[in-house]
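In what follows, residues are counted from 1 in the order of the sequence shown. Keep in mind that this is a model prediction, so the values were computed, not measured.
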Amino acid sequence: MKANKRIPNICPKCGSHYTARPALSRDDNATYICPKCGTREALEIAGAAEEEIQQILEKIYNDEE
């Protein structure tokens, strides 16, 4: 059985290294970005305030950092 290894990527938006499945940027529907930036874009489009976005991102991704 093959191991499911993910190749490390660098997010073009924030510059962070990530191995999780990438998100497709809503900016151009062509660029792959890290999941955190993908979540940020989705929350911005949904109309969330910056403070709320920060709180949500901290709750979701704090354990991973």
Side-chain angles (χ1 to χ4, degrees):
M1 188 187 278
K2 275 188 170 179
N4 188 7
K5 293 184 181 179
R6 297 222 185 246
I7 299 170
N9 295 298
I10 299 174
C11 179
K13 289 195 91 151
C14 69
S16 68
H17 293 262
Y18 68 97
T19 55
R21 183 172 294 210
L24 186 60
S25 176
R26 289 160 176 84
D27 289 342
D28 63 7
N29 288 326
T31 304
Y32 287 102
I33 57 177
C34 72
K36 190 171 183 178
C37 285
T39 302
R40 172 177 286 286
E41 283 187 1
L43 292 168
E44 288 171 349
I45 289 171
E50 182 59 31
E51 184 177 315
E52 184 179 16
I53 291 172
Q54 283 302 114
Q55 290 174 352
I56 292 168
L57 291 175
E58 285 175 16
K59 287 184 182 192
I60 294 172
Y61 297 103
N62 198 25
D63 294 337
E64 297 176 10
E65 296 176 355

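- Contact between Y32 and P12 at its shortest, heavy atoms only, is O-CD, 3.4 Å.
- Atom CD of E50 has more than 12 heavy atoms from other residues, nucleotides or ligands within 6.0 Å.
- Side-chain contact between R21 and P35 is absent, with no heavy-atom pair separated by less than 4.5 Å.
- We find the CD-SG distance between E44 and C37 to be 9.0 Å, quoted to the nearest 0.5 Å.
- R26 pairs with exactly one of T31, I45, I33 by the side-chain contact (heavy atoms from CB on, under 4.5 Å) rule, that one being I45.
- From L43, atom CG reaches atom CG of L57 across 6.0 Å, with rounding to the nearest 0.5 Å.
- Side-chain atoms of C14 and C34, non-hydrogen and from C-beta on, do get closer than 4.5 Å to each other.
- In terms of modelled atom types and a separation under 3.5 Å, the side chain of N9 and the main chain of I7 share a donor-acceptor contact.
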**Report entry** K36/K13 under side-chain contact (heavy atoms from CB on, under 4.5 Å): CA gap, chis, key distance, verdict
**Finding:** CA-CA 10 Å; K36 190 171 183 178; K13 289 195 91 151; over 6 Å; no
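- I10 has its side chain out of reach of Y18: every pair of non-hydrogen atoms, C-beta onward, lies at least 4.5 Å apart.
- When every heavy atom of G38 is checked against every heavy atom of A23, the shortest pair comes out as CA-CB, 3.8 Å.
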